[in-house]
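Data first, discussion second: the structure below is written as structure tokens.
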Protein chains: 2
Amino acid sequence: MVTLSDVARAANVSKMTVSRVINHPEQVTPELRSLVESAMATLNYHPNSIAQALVNNRTNVVKFVTLEDIDTTEPYYMNLLFGVAKGLTKKQYAFQLVTDPEQIEAGRSDGYIITGARSSDYDMFDQLDKPFILFGENHRGFDFVDTDNQLGVKMATEYALSRLYKNIIFIGIDLKEPFEYSREAGYINTLQKNQLIPKIFRIGNHSHAAQDLIKEHFKEFKKDTCFICASDRIALGVERQLAEEGAKVPDDFGVIGFDGVFLDQVANPKLTTIRQSIFEMGELLATMLLQKIAQSGSPQGEVLIKPTLIRRGSTR
Amino acid sequence: MVTLSDVARAANVSKMTVSRVINHPEQVTPELRSLVESAMATLNYHPNSIAQALVNNRTNVVKFVTLEDIDTTEPYYMNLLFGVAKGLTKKQYAFQLVTDPEQIEAGRSDGYIITGARSSDYDMFDQLDKPFILFGENHRGFDFVDTDNQLGVKMATEYALSRLYKNIIFIGIDLKEPFEYSREAGYINTLQKNQLIPKIFRIGNHSHAAQDLIKEHFKEFKKDTCFICASDRIALGVERQLAEEGAKVPDDFGVIGFDGVFLDQVANPKLTTIRQSIFEMGELLATMLLQKIAQSGSPQGEVLIKPTLIRRGSTR
DNA sequence: TTGTAAGCGTTATCAA
DNA sequence: TTGATAACGCTTACAA
């Protein structure tokens with residue numbers, strides 16, 4: 001293993017000069033700096049992050065906390081995780097996965113990335129003594145990253161109108177959470193702007209719940225209706241039950257999902273959906289958290305990422 | 001932060017005695033040991049794993065390497081990852097995710113858990129200088145954990161026979177890899193034992209490839225046929241195209257999948273499938289790797305985990 | 001601007 | 001069996 005001392009010896013300087021070239025290059029004269037830099041290059045030196053961690057009282061580990069049940073966990077979390085991992089690896093950070101809220105503060109870490117948080121979890125967050133960033137919008141002032149939910153549903157709704165569907169129905173998730181309110185707002189605002197009356201159903205985020213809903217209300221739905229769904233999972237159920245009822249998708253009925261990571265491709269026909277940039281959000285979460293750690297906890301703000309409309313066979 | 005010295009002071013012994021109580025308790029007299037232990041308890045002492053890592057020249061990090069494309073990555077990897085995480089966290093280990101084979105040795109780690117390996121990757125593994133365990137069987141002597149693929153398909157085939165399907169067809173994945181050979185062997189052996197002639201199709205692991213296959217050959221399939229599929233993804237496509245053809249599932253045609261983590265529930269009707277204990281295998285992978293690291297690389301062997309038959313609506 | 005010395009929390013070595 | 005000391009690789013504080 002090549003150490004600081006090896007580089008120092010090769011460059012004929014002290015360890016501190018090498019350390020400074022790494023951490024505070026501006027404090028070193030250009031000549032020495034380039035001398036040290038070439039020594040580092042020829043020796044292929046990489047700082048030992050464990051030694052750095054020890055002296056800086058860091059662990060180089062952050063926890064990825066999933067407060068949702070794994071079983072209900074959307075497959076798209078995989079992408080989020082890979083994004084987070086990419087952002088962390090850049091700074092030689094590793095992570096641990098936590099599913100039990102009790103275990104958040106167990107063991108060692110420098111901070112937390114928290115997903116699946118509900119309003120009821122907020123009080124617990126106030127108790128945390130290490131920096132954290134939430135994945136998912138909130139109105140309590142916690143730093144977060146999320147898709148621009150309102151914009152996403154607005155895009156979906158406008159697209160449905162542009163495809164000349166006459167009736168636009170929103171099928172949301174029956175949770176009193178900010179992301180759901182934002183999605184509904186995107187729908188409601190767009191309908192009102194077009195002098196249409198909003199019609200919202202709210203169900204659990206399961207395809208079978210969506211099937212049940214369509215089954216129960218199918219007679220009420222006229223041709224030229226488009227269903228804007230709060231998740232691909234719901235859209236999948238809607239599409240399936242419409243087929244079951246013998247309804248023509250996309251000609252008579254349109255279906256638009258939300259997420260666009262995995263389930264949209266499983267559906268038949270494939271779903272028109274609002275794709276979230278999950279991987280990129282993961283990377284951003286990591287970057288923000290590491291920055292927050294480096295700045296000893298200073299606020300990083302709230303970031304909304306613009307989603308993308310993917311046009312597929314479930315709309316005409 | 002409570003340190004070794006704090007405990008030593010509280011217990012009126014030297015730091016080394018405390019260290020020994022942690023690492024080599026048999027070298028300490030019972031009296032001193034209990035003295036130290038109660039001091040650790042009252043102070044709520046936890047060893048600083050970073051300091052341990054530094055002095056032991058360890059990183060407390062392992063890499064989780066995914067050689068498959070993320071896009072084709074099955075959602076069940078999420079479960080594997082949570083299992084791995086659980087196994088690692090027990091020993092205060094964290095992990096990094098690696099998708100680029102070039103990056104396996106970049107940065108710091110104590111070892112690797114490798115998934116999605118193909119035979120063509122084996123030569124690269126010979127070059128690795130740190131311990132690793134594969135997720136997936138291989139015949140090159142590398143330590144691995146996998147489902148007992150042969151047994152799984154045997155269970156599926158026997159179940160199909162017991163449900164009185166007359167024709168049993170296997171739809172495999174067109175890869176020349178050990179797991180596929182094992183699955184086919186489970187099928188072939190069971191058919192031969194029952195004096196039946198095996199019939200195998202091999203396709204890419206995609207639902208649409210399965211749909212194409214069924215569409216093309218549907219006329220050849222008689223009633224009372226059960227399709228044993230090498231993955232739920234394939235089974236999903238088979239089921240979907242059978243529906244498209246107007247065939248009755250499960251009465252006239254049976255479909256059995258393999259994996260049993262997520263897609264089996266998305267299917268309609270839900271799939272009878274061979275469920276792999278993915279989470280448990282992840283935990284085992286971690287345990288084995290940490291043991292291998294502790295034993296400076298000694299072989300851990302090959303472990304086959306018994307899968308479970310889940311009976312659902314896609315068989316009668 | 002550069003170097004020296006001390007220390008982060010732990011464990012191995014060797015002496016008592 | 002127990003303890004003093006040095007060492008792991010790095011950075012901060014201070015001195016030159």
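Proteins get letters first, then strands, A, B, ... in listed order; numbering begins at 1 in each.
- Rounded to whole angstrom, the span from the CG atom of B:N48 across to the C1' atom of C:dT10 amounts to 8 Å.
- In this entry the distance linking CD of A:Q52 with C1' of C:dG7 reads 16 Å, nearest Å.
- Listed nucleotides D:dG9, D:dA7, D:dA4 differ in distance to B:V55; the shortest reach to its side chain belongs to D:dA7.
- Whole-Å rounding puts the B:K15 NZ to D:dT1 C1' distance at 19 Å.
- If you take CG of A:L4 and C1' of D:dT11, they are 9 Å apart, rounded to a whole angstrom.
- Looking only at side-chain heavy atoms (C-beta outward), B:L4 and B:V7 stay at 4.5 Å or farther from each other.
- In this entry the distance linking CD1 of B:I50 with P of D:dC10 reads 14 Å, nearest Å.
- Side-chain proximity of A:T3 to D:dT11, D:dG9, C:dT11: nearest is D:dG9.
- Between D:dT2, D:dG9, C:dT10, one nucleotide has an atom nearer to the side chain of A:M1 than all others, and that is D:dG9.
- For B:K91, the NZ atom is loosely surrounded, since the number of other residues' heavy atoms within 6.0 Å does not exceed 12.
- Between A:Y76 and A:F262, the ring center distance fails the sub-6.0 Å criterion.
- Between A:F64 and A:Y77, the ring planes lie perpendicular to each other; the angle is over 60°, past the 30° to 60° tilted range.
- For an aromatic pair to be called close, the ring centres must be under 6.0 Å apart, and B:Y112 with B:F125 fails this.
- In terms of modelled atom types and a separation under 3.5 Å, the side chain of B:Q96 and the main chain of A:Y93 share a donor-acceptor contact.
- Within the structure, a side-chain polar atom (N or O) of A:T17 is placed less than 4.0 Å from OP1 or OP2 of C:dG3.
- The separation between A:N56 atom CG and D:dC8 atom C1' is 16 Å, rounded to whole Å.
- A salt bridge links A:R140 with A:D123: the distance from a Lys NZ or Arg NE/NH1/NH2 to an Asp or Glu carboxylate oxygen falls below 4.0 Å.
- Nearest-nucleotide assignment on DNA chain D puts the 5′-proximal partner with B:M16, out of B:L54 and B:M16.
- Using a 4.0 Å heavy-atom cutoff across all strands shown, B:N57 reaches no nucleic acid atom at all.
- Scanning residues 19-46 of chain B for heavy-atom distances under 4.0 Å to DNA chain D yields B:R20, B:Q27, B:V28, B:T29, B:L32.
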